[in-house]
Each structure stands twice: as structure tokens, then as C-alpha cells.
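Everything on this sheet refers to the single structure shown next.
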Amino acid sequence: MRLIFIGPPGSGKGTQAKLFSQRLGLCHISTGDLLREAVRQDTPEGRRAQAYMDAGQLVPDDVVNDIVNARFRAPDRPQRFVMDGYPRNLAQAQSFDQVLHQQGLDLNAVVFLNVDDQEIIKRTSGRWNCPNPQCKATYNSHSQPPKTAGVCDDCQMPLVQRDDDRPETVQLRLKVFHDLTDELLDYYRQRGLVIDVPGSGDIETIYQNITAALAKRKPPP
């Protein structure tokens, strides 16, 4: 099985991608992991990416594409995989299509976890973290609150919230997501690859909904 998972920030696509990897024996390919590995191995693509990362800038499409392409052209290239965080836009999708075609691989489906923007803002703005490096406990004021508001259950450190989880930041991230992803989804819908799955509910329910939707699809030729 060869899948792409797409969803807004906070939709749980990373969690579902890991579940599919573990339960179906798929290679879980995360853009962030690929970037860090390329930097660690000091590949030419990794050195290019490092320069942007050090400057606090987004790594350009051509560099990300080169890193993904190198993974799929390697001797141990994955035959069965789930993509998490790539492609993010139409240009990346077109580049990915080229490398898949070169390797004789077809996508089975593009899973879109559909979650309302207000639900995403509620989920992410409720996230709080323990800053203690020996603890790193995480909480959510809506679904998994600490026993005492603002205080870690385990080490009693005051909890902090990441800048990325503040409501105003989440709204900006959602705008960027929609600007890029609406065109991307249209591209895959035209090929009949997209399955829309509600991203609300518990993790296991969402997983079962995805597998049921996949089971109704015909395998690629």
C-alpha cells in the first residue's frame, strides 16, 4: 500500500501515519525526519537544507524535492509507504509523481483528514507542555488537563505553551495550509485518489474509518 496523508496542523495525520506504519508494515516517511537525516549524513541536499534551517527559513521546494527523490532512488527505497508532511503543495506533488513513475510505483490513495478550523484552533490552543527536560509531559486543557491548572502533575513545574500553539499563530498556519492545500487536493481529486475522512473522534475510531474507506477502493492497475 502506498498512501499520502494530508490534514491541517493538529488534525492527527502524524499519529495516523504512525499507526498505519506500525500495523501494516509501511515505511513511515516524514519530511522532518528526512531533512534531519540528510543533515546528519551531511549529504549535498542536507547541506543546502541546513543553511535555510540555520537561518530560520523554510526549506525551498527544490531542496525538499531533492531529499525525497534521493530517498526513493536509494538502493533500499520503500515499496510500501505512508507519506506524512509531503507533498505540501502542487509543485511538490508533481515532483513526487515523477520519481514514483521512474520507480514504477503508483499511489493507492490520498487520505484527507477533514477537521473544521475552529476544532483545530480549540485542539492546539489547549496544548500545554512541561518545560522540565527530564519530564516533558504534555497536556491539553480540553481533553487531558492537569490536575491543577497550569502545573505539571509529575514534577509540579509551571506549564508553558509553544508559540505555534497560540490561537493567533494557529489561525495563520491554517490560512497557509488552505492556500497551499486546496490546489493540491484538487490535483489528486482529478485523479480519483482522495478519500475524505472526518478527523474528529478518538484515535482508534479515526483509524478504523480510514481503513474502511481504503477497503472500498480498487487497487491501482
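Just so it is clear, the model here is predicted, and its values are computed rather than measured. These numbers come from the heavy atoms of this one structure, side chains and all, not from hydrogens, waters or symmetry mates.
Contact annotation: the side chain of L214 approaches that of M1 to within less than 4.5 Å [non-hydrogen atoms, C-beta and beyond]. With a 4.5 Å cut-off on side-chain heavy atoms, P145 and Y139 do not count as touching. At a threshold of 4.5 Å between non-hydrogen side-chain atoms, the residues F177 and I6 count as touching. Residues T211 and Q208 have side chains in contact (heavy-atom distance under 4.5 Å, counting atoms from C-beta outward). In this structure, the side chains of V59 and M53 come closer than 4.5 Å at one or more pairs of heavy atoms.
Remark: side-chain polar atoms of T205 are not paired, donor with acceptor, to backbone N or O of G201 under 3.5 angstrom. With Q161 contributing its side chain and S125 its backbone, the two residues share a donor-acceptor pair below 3.5 Å. Between the side chain of S95 and the backbone N or O of Q92 there is no donor-acceptor pair closer than 3.5 Å. The backbone N or O of R2 sits nowhere less than 3.5 Å from a side-chain atom of R80 that would complete a donor-acceptor pair. One N or O on the side chain of Q156 and one on the backbone of D153 form a donor-acceptor pair closer than 3.5 Å. The closest donor-acceptor contact from the side chain of T181 to the backbone of H178 lies at 3.5 Å or more, if one exists at all. T31 places a side-chain N or O within 3.5 Å of a backbone atom of G85 that can act as its donor or acceptor partner. Between the side chain of T148 and the backbone N or O of V151, no donor-acceptor pair lies under 3.5 Å. With hydrogens and angles ignored, the 3.5 Å screen pairs no side-chain donor or acceptor of E37 with any backbone N or O of D33.
We find the CG-CG distance between L174 and D117 to be 4.5 Å, quoted to the nearest 0.5 Å. The distance from atom SG of C152 to atom CH2 of W128, rounded to the nearest 0.5 Å, is 13.5 Å. For the atom pair CD (Q16) and CG (L3), the distance works out to 11.5 Å, reported to the nearest 0.5 Å. Remark: L185 CG to F112 CZ distance equals 5.5 Å, nearest 0.5 Å. Expressed to the nearest 0.5 Å, how far CG of D182 lies from CG of L90 amounts to 12.0 Å. Here the CD1 atom belonging to I195 is positioned 7.0 Å from the CD1 atom belonging to I210, to the nearest 0.5 angstrom.
Nearest heavy-atom pair across P87 and L184 is O-CD2, 3.4 Å. Nearest heavy atoms, P78 versus I29: CG-CD1, 3.6 Å. Nearest approach of R123 to S11, heavy atoms of both residues: NH1-O, 3.4 Å. Counting all heavy atoms, side chain and backbone alike, Q79 lies closest to L105 at OE1-CD2, 3.4 Å. Looking at every heavy atom in both residues, A213 comes nearest to V197 through CB-CG2, 4.4 Å. Residues A137 and D154 share a closest heavy-atom pair of CB-OD2, 3.9 Å.
For residues 124-149, the set of pairs meeting the salt bridge (Lys or Arg N to Asp or Glu O under 4.0 Å) definition, not counting sequence neighbours, comprises R127-D165. Listed by first and then second residue, the salt bridge (Lys or Arg N to Asp or Glu O under 4.0 Å) pairs that reach into residues 192-203 are R189-D196, sequence neighbours excluded. Residues in residues 63-78 take part in these side-chain hydrogen bond (donor to acceptor under 3.5 Å, both in side chains) pairs, two or more places apart or across chains: R48-D66, N65-Y86, R71-D76, R73-Q102, R77-Q103.
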Checklist entry - Taking it one step at a time, do D97 and R191 satisfy salt bridge (Lys or Arg N to Asp or Glu O under 4.0 Å)? => result CA-CA 12 Å; D97 277 350; R191 294 163 56 189; 2.7 Å; yes
Next on the checklist: If you apply the rule side-chain contact (heavy atoms from CB on, under 4.5 Å), what do you find for L159 with C130, and how did you get there?
Outcome noted: CA-CA 5 Å; L159 300 175; C130 178; 4.0 Å; yes
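Take D116 and apply the side chain to side chain contact (heavy atoms under 4.5 Å, CB included) test, not counting sequence neighbours, and it matches Q118, E119. Evaluation of the salt bridge (charged side-chain N to carboxylate O under 4.0 Å, His left out) rule for R166 yields D163 as partners, not counting sequence neighbours. Remark: Y207 pairs with F20 by the ring pair (Phe, Tyr, Trp, His ring centres under 6.0 Å) rule, at least two apart or across chains.
Hydrophobic clustering, with ILVMFWY side chains joined whenever heavy atoms are under 4.5 angstrom apart, groups I4 together with V194. When the side chains of ILVMFWY residues are joined at heavy-atom separations under 4.5 Å, either directly or via intervening members, L180 and Y188 end up in two distinct hydrophobic clusters. I120 and V111 fall into different hydrophobic clusters, where Ile, Leu, Val, Met, Phe, Trp and Tyr side chains are chained together by heavy-atom contacts under 4.5 Å. Cluster membership check: I203 shares its hydrophobic cluster with L26, using side-chain heavy-atom separations under 4.5 Å among Ile, Leu, Val, Met, Phe, Trp and Tyr. Placement of L113 and L24 within a single hydrophobic cluster is found when ILVMFWY residues are connected by side-chain heavy-atom separations under 4.5 Å, directly or transitively.
A ring-centre distance under 6.0 Å is found for F81 and F72.
Side-chain polar atoms of Q94 and Q98 form no donor-acceptor pair below 3.5 angstrom. The closest side-chain donor-acceptor pair between Q144 and N140, if any, does not fall under 3.5 angstrom.
E183 has no carboxylate O lying under 4.0 Å from a charged side-chain N of R88, or vice versa, which leaves the two without a salt bridge.
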